[in-house]
Amino acid sequence: MPVNEKILTVIITIDGPAGTGKSTLAHTLASRLGLDFLDTGAMYRAAALIALELGINPTDGVALAAAIEQSKMHFDWHSDPPTLMLDARDVRDRIRDLDVSAIVSTVAAQPEVRAVLVRQQQRIARAHPRLITEGRDQGSIVFPDAPVRFFLEADMQVRVDRRAEQLRAAGKNVDPKQVVDDLQRRDRIDSQRTDGPLICPEGAIIISTGDRTVEQVVDEMESHIRRELPDAEFNV
Ligand code: DC
């Protein structure tokens, strides 16, 4: 097939609970294949930060959705990975703090918030049609027609260790008990919400990330992608 007939639009989704390595894997895979990388959790975290800073109750979806629309939330695509911005402010570090993590699942359970962010994610995909996007609902709700959809799994202890390491690497204090509580609480809220709950999308490829290196898991994901999309053009 001539190059100009090769498939240039590629949307790949990666969903799964916190601490399964989604962001690292999605970013590594995107760099390897020459695709853009979208961290949708960062958008929900920024929405939680907006709630904290404006004193909006995390259950007030209507007020929050309006505040998100006003906030000029966007990614700076000049950096790699893209930086989450609220207007001109870089919030990439602030959104990882525990006070944000503590309320983000409640914020993400509000249907009005999800409606605004799902729309923004679909708009981003139109501007960046060669995209690896990760979150909780990317393969089920936001991009159900994506040609390759992954769901990641790992044991709780592996997830706790990974999240604690991320926090330490970011120079934050780590109380392992608090990390466990946070993951368990978020799992519960994320899986039980009625709108866009964390589920394994039907037909998704399930990947176990537990005791394997990033390289090993990325190799496996890449081979699935190349098998499913033999005509796709990567690294263009
Ligand atoms: O991946 P993360 O831990 O940064 O995600 C933060 C929170 O955002 C998580 O508790 C669930 C929520 N989230 C969501 O509801 N839908 C998404 N597509 C991505 C994240």
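All values below come from the heavy atoms of this structure, side chains included, with hydrogens, waters and symmetry mates left out. We count ligands from 1, going down the list as the structure has it; atoms in each ligand are counted the same way. Small disclaimer: the values here were computed from a predicted structure and weren't measured.
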**Q** Using 4.0 Å as the upper bound for N to carboxylate O, is an ion pair formed by Lys22 and Asp15?
**A** no
**Q** Are Arg193 and ligand 1 in contact, using a heavy-atom cut-off of under 4.0 Å?
**A** yes
**Q** Quick one: look up the protein heavy atom nearest atom 18 (N) of ligand 1 and list residue, atom name and how far away it is.
**A** Asp137 OD1, 2.8 Å
**Q** Can you tell me how the ring of Trp77 sits relative to the ring of His128, calling it parallel under 30°, perpendicular over 60° and tilted otherwise?
**A** parallel
**Q** Using a heavy-atom cut-off of under 4.0 Å, does the side chain or the backbone of Gln166 touch ligand 1, or both, or neither?
**A** neither
**Q** Side chain, backbone, both or neither: which part of Arg45 has a heavy atom under 4.0 Å from ligand 1?
**A** side chain
**Q** May I ask you to identify, for Arg96, whether its side chain, its backbone, both or neither come under 4.0 Å of ligand 1 on a heavy-atom basis?
**A** side chain
**Q** Relative to the heavy atoms of Ser105, which atoms of ligand 1 are at a distance of less than 4.0 Å?
**A** 10 (O)
**Q** State whether a side-chain donor-acceptor pair under 3.5 Å links Thr133 with Gln138.
**A** yes
**Q** So if I count the atoms of ligand 1 from 1 in the order they appear, which ones are less than 4.0 Å from some heavy atom of Ala108?
**A** 12 (C), 15 (O)
**Q** What part of Arg186 sits under 4.0 Å from ligand 1 if we count only heavy atoms: the side chain, the backbone, both or neither?
**A** side chain
**Q** Which of the atoms in ligand 1, numbered in the order shown and given with their element, are less than 4.0 Å from a heavy-atom of Asp190?
**A** 9 (C), 10 (O), 11 (C)
**Q** Salt bridge between Arg149 and Glu202, side-chain N to carboxylate O under 4.0 Å?
**A** no
**Q** Between Arg119 and Gln122, do the side chains contain an N or O donor and an N or O acceptor separated by less than 3.5 Å?
**A** no
**Q** Would you mind listing which atoms of ligand 1 come within a distance below 4.0 Å of any non-hydrogen atom of Gln138?
**A** 18 (N)
**Q** Of all the atoms in ligand 1, which lie at a distance below 4.0 Å from a heavy atom belonging to Thr40?
**A** 17 (C), 18 (N), 19 (C)
**Q** What protein heavy atom lies closest to atom 20 (C) of ligand 1? Include the residue and the distance to one decimal.
**A** Gly41 CA, 3.5 Å
**Q** What atoms in ligand 1 come closer than 4.0 Å to a heavy atom of Arg114?
**A** 14 (C), 15 (O), 16 (N)
